[in-house]
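These numbers were taken from a predicted model, which means no experiment stands behind them.
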Amino acid sequence: MVDGLLKVEGGRPLNGEITVRGAKNLVPKAMVAALLGTTPSVLRNVPLIRDVDVVSGLLSLHGVCIDYDQDEGILQLDPSRVETAHMADIDAHAGSSRIPILFCGPLLHRLGEAFIPDLGGCRIGDRPIDYHLEILRTFGATIDKLEGGIRMSAPEGLHGTVIELPFPSVGATEQTLLTAVRAEGLTELRGAAVEPEILDLVDVLQKMGAIISVDTDRTIHVEGVDELAGYNHRALPDRIETGSWAAAALATRGDVFVRGAHQGDMTTFLNFFRKVGGAFDVTDDGIRFYHPGGDLHSIVVETNVHPGFMTDWQQPLVVALTQAGGLSIVHETVYENRFGFTKALRKMGATIQVYRECLGGSACRFGQRNFYHSAVVSGPTPLRGADIVVPDLRGGFSHLIAALAAEGTSHVEGINLIDRGYEHFMSKLKALDAAVTRLV
């Protein structure tokens, strides 16, 4: 059965105004943090996206009372009656989400035990789950792998430790923070991720009573406390969604005001946007992104952890680069297989070649591992409408941008995936005068 089918009449500039709310990469984690409090929490600027629904359901399974005002974007979470949930219920509700693994530290503190379904296999892969489990073991958790799931306990409580990450992993940093804040003693995390969403999570935890310091060398120190209270917090705006709409404006030769966008979190993106030939105006209320006319320019860009160029900005920007003159080089250093989405772009007329070698910068950890992690984009090339299938969240939105920029009609299948991270994206497309029709 078709999982969401969109008809797009392309070749029209996007013009108008849309609003971005809280970051998808922060809001679900802040919701999990509410488990650590002994009093209710209030989270504001919450977007209506699938991941919020998933985490709300998982929290409800664990006894958290949730009240969500969707219009105002205000979420109230009362964790006073936290309880153990059944693995089967968690598995059925979580689907392909990775969120359940982040529940473990808070539940070990609140209940002394945690159960999660088997998150291995094709949905996550063995390495990520094993890495999270090793972090929890380091804090003192006992882990038993059962049929269909994993049971964790902390008979002697959780204790501060020293963790050194081989790569600044966002998920591993979140796991450590959510576990360390109530662990006995001091925790030192070396090689931590310091993305804006991580620092916003630190702000949330500090409001709850945590003692956390972030050093300039990616070292985070956490002094465990006995008890945390609830928080009242406004989530930072979604910089990924902002960059996606900016790239859409550029690729379609449009003019889009993104209300709620914040310059400070977009500095690196804005520099590259300007280098390509895009223009922007920053106000207190948001950022206007537009194509100023003339030709776009080829660039060399290398993704990296913050403060580098974010990997989630790469895919939408590549669509705009198909309209830039000359050869653009894109070197992906964060995810090993992130150029699969370019197959559909080639089908639409783009000239993109992918390579195993590290191009456009220094060698990275994927250079000797046979991954296609570099791309050369030749342009400008006119895009034409085609029938395409959404591969994932960010690649799917990039396909949507390509369909909007292409001449003729495109059918984009699997757009339900886009609901996971882009609030009201259909109504936003309509607000920007896009010719789109949802068929299924």
S.K.: Should we count NZ of K207 as having more than 12 external heavy atoms under 6.0 Å?
M.R.: yes
S.K.: I'd like to know whether I220 forms a side chain to side chain contact (heavy atoms under 4.5 Å, CB included) with D215, so could you lay out the CA-CA distance, the side-chain angles of the two residues, the decisive distance to 0.1 Å, and finally the verdict.
M.R.: CA-CA 6 Å; I220 297 177; D215 297 341; over 6 Å; no
S.K.: To check you understand the geometry: which heavy-atom pair defines the closest contact between A247 and L317, and what is its length?
M.R.: CB-N, 4.1 Å
S.K.: Drop me the distance from T179's OG1 to L136's CG, to the nearest 0.5 angstrom.
M.R.: 5.0 Å
S.K.: With ring centroids as reference points, do F273 and W313 lie under 6.0 angstrom apart?
M.R.: no
S.K.: Can you tell which of F269, F397, F280 makes a ring pair (Phe, Tyr, Trp, His ring centres under 6.0 Å) with W245?
M.R.: F397
S.K.: Output the distance between atom CG (D69) and atom CG (L75), rounded to the nearest 0.5 Å.
M.R.: 10.0 Å
S.K.: Let me confirm one number: the OG1-CZ distance from T19 to F257, rounded to the nearest 0.5 Å.
M.R.: 8.5 Å
S.K.: Do I66 and L59 touch side chain to side chain, with heavy atoms closer than 4.5 Å?
M.R.: yes
S.K.: Tabulate below the donor-acceptor pairs under 3.5 Å that side-chain atoms of residues 194-202 make, not counting sequence neighbours, or state none.
M.R.:
unit_1	atom_1	unit_2	atom_2	d
E195	OE2	H306	N	2.9
E197	OE1	R239	NE	3.3
E197	OE1	R239	NH2	3.1
E197	OE2	R239	NE	2.7
D200	OD1	H233	NE2	3.2
D200	OD2	H233	NE2	3.1
D200	OD2	L236	N	3.1

S.K.: Enumerate, atom names and distances included, each donor-acceptor pair closer than 3.5 Å involving a side-chain atom of residues 42-54, sequence neighbours excluded.
M.R.:
unit_1	atom_1	unit_2	atom_2	d
R44	NE	N232	OD1	2.9
R44	NH2	N232	OD1	3.1
N45	ND2	A235	O	3.0
D51	OD1	R420	NE	3.3
D51	OD2	K24	NZ	3.3

S.K.: Looking at R21 and D238, is any side-chain nitrogen of the basic one under 4.0 Å from a carboxylate oxygen of the acidic one?
M.R.: no
S.K.: Just wondering, do L5 and I415 contact through their side chains at under 4.5 Å, heavy atoms?
M.R.: no
S.K.: Taking side chain to side chain contact (heavy atoms under 4.5 Å, CB included) as the definition, give me every residue that meets it alongside P292, ordered by chain and number, with sequence neighbours left out.
M.R.: A279, Y290
S.K.: About how many Å separate CD of E302 and SG of C364, when rounded to the nearest 0.5 Å?
M.R.: 7.0 Å
S.K.: Please check if the side chain of T138 supplies one atom and the backbone of E134 the other of a donor-acceptor pair under 3.5 Å.
M.R.: yes
S.K.: Can you tell me how far the CD1 atom of I101 sits from the CD atom of Q175, to the nearest 0.5 Å?
M.R.: 5.5 Å
S.K.: Can you see which heavy atom on H291 is nearest to which on L250, and at what distance?
M.R.: CD2-O, 3.5 Å
S.K.: For residues 337-349, pull every pair meeting side chain to side chain donor-acceptor pair (under 3.5 Å), keeping only residues two or more places apart or in separate chains.
M.R.: T311-R338, D312-R338, Q315-R338, T342-R346
S.K.: I want to know whether H62 and F103 have ring centres closer than 6.0 Å.
M.R.: yes
S.K.: Keeping N304 on the side-chain end and F309 on the backbone end, is there a donor-acceptor pair under 3.5 Å?
M.R.: no
S.K.: Run the salt bridge (charged side-chain N to carboxylate O under 4.0 Å, His left out) check on E174 and K29 step by step: do they pass?
M.R.: CA-CA 8 Å; E174 292 165 342; K29 292 50 175 299; 2.7 Å; yes
S.K.: Less than 4.5 Å apart, any side-chain heavy atom of M348 and any of S410?
M.R.: yes
S.K.: Taking all heavy atoms of T252 and all of R12, pick out the closest pair and write down the distance.
M.R.: CB-O, 3.8 Å
S.K.: Report yes or no: do E332 and T303 form a side-chain donor-acceptor pair below 3.5 Å?
M.R.: yes
S.K.: Heavy-atom count around Q70 CD within 6.0 Å, excluding the residue itself: above 12?
M.R.: yes
S.K.: Apply side chain to side chain contact (heavy atoms under 4.5 Å, CB included) to the pair V276 and L321, showing each step before the final yes or no.
M.R.: CA-CA 8 Å; V276 174; L321 291 179; 4.0 Å; yes
S.K.: Between R394 and Y422, does a side chain to side chain donor-acceptor pair (under 3.5 Å) hold up when you go through it step by step?
M.R.: CA-CA 10 Å; R394 305 304 173 189; Y422 293 88; 3.0 Å; yes
S.K.: With heavy-atom distances below 4.5 Å as the criterion, would you say the side chains of V389 and E413 are in contact?
M.R.: yes
S.K.: Kindly say whether R190 contributes a backbone atom to a donor-acceptor pair with the side chain of T219 at under 3.5 angstrom?
M.R.: no
S.K.: So, for A251 and A405, which heavy atoms are closest and what is the spacing to 0.1 Å?
M.R.: O-CB, 3.6 Å
S.K.: Nearest heavy-atom pair of F341 and G395: which atoms, and what distance?
M.R.: CB-CA, 4.1 Å
S.K.: Closer than 3.5 angstrom, by distance alone: can the side chain of K430 be matched with the main-chain N or O of V436 as a donor-acceptor pair?
M.R.: yes
S.K.: Suppose we screen for side chain to side chain contact (heavy atoms under 4.5 Å, CB included). Which residues come up paired with A344, at least two apart in sequence or across chains?
M.R.: I388, H399
S.K.: Please find out if less than 6.0 Å separates the ring center of Y372 from that of Y355.
M.R.: no
S.K.: After noting the C-alpha distance and the side-chain angles of S56 and Y68, does the key distance pass the side chain to side chain donor-acceptor pair (under 3.5 Å) rule?
M.R.: CA-CA 9 Å; S56 295; Y68 182 20; over 6 Å; no
S.K.: Can you tell if the side chain of L102 reaches within under 4.5 Å of the side chain of H132, non-hydrogen atoms only?
M.R.: yes
S.K.: In the structure I gave you, are the side-chain heavy atoms of I150 and I143 within less than 4.5 Å of one another anywhere?
M.R.: yes
S.K.: Under 6.0 Å from the CZ atom of R151, do we count more than 12 heavy atoms belonging to anything else shown?
M.R.: yes
S.K.: Using only atom types and a distance under 3.5 Å, with no angle test, would you say the side chain of T268 pairs donor to acceptor with the backbone of P307?
M.R.: yes
S.K.: Quick one: do E17 and V256 satisfy side chain to side chain contact (heavy atoms under 4.5 Å, CB included)? Show the steps, please.
M.R.: CA-CA 6 Å; E17 176 183 317; V256 176; over 6 Å; no
S.K.: Working to the nearest 0.5 angstrom, can you tell me the gap between L133 CG and C104 SG?
M.R.: 7.5 Å
S.K.: Quick check with a 6.0 Å cut-off and a 45 degree axis cone: is R356 positioned over the face of F371's six-membered ring?
M.R.: no
S.K.: Testing the basics here: between L383 and A402, what is the closest heavy-atom pair and its distance to 0.1 Å?
M.R.: CD1-O, 4.1 Å
S.K.: Cation-pi check, K275 to F272: give yes when NZ or CZ is under 6.0 Å from the six-membered ring centre and within 45° of the ring axis, no otherwise.
M.R.: yes
S.K.: Report yes if the side chains of T437 and L6 come closer than 4.5 Å at any heavy-atom pair, otherwise no.
M.R.: no
S.K.: Whether the side chain of R384 engages the backbone of A406 through a donor-acceptor N/O pair (distance < 3.5 Å, no angle test) should be reported.
M.R.: no
S.K.: Walk me through whether V301 and I329 qualify under side chain to side chain contact (heavy atoms under 4.5 Å, CB included).
M.R.: CA-CA 6 Å; V301 60; I329 297 174; over 6 Å; no
S.K.: State which residues pass salt bridge (charged side-chain N to carboxylate O under 4.0 Å, His left out) with D217; sequence neighbours excluded, sorted by chain then number.
M.R.: none
S.K.: Quick check: does any side chain N or O of S41 sit under 3.5 Å from a backbone N or O of Y231, one acting as donor and the other as acceptor?
M.R.: yes
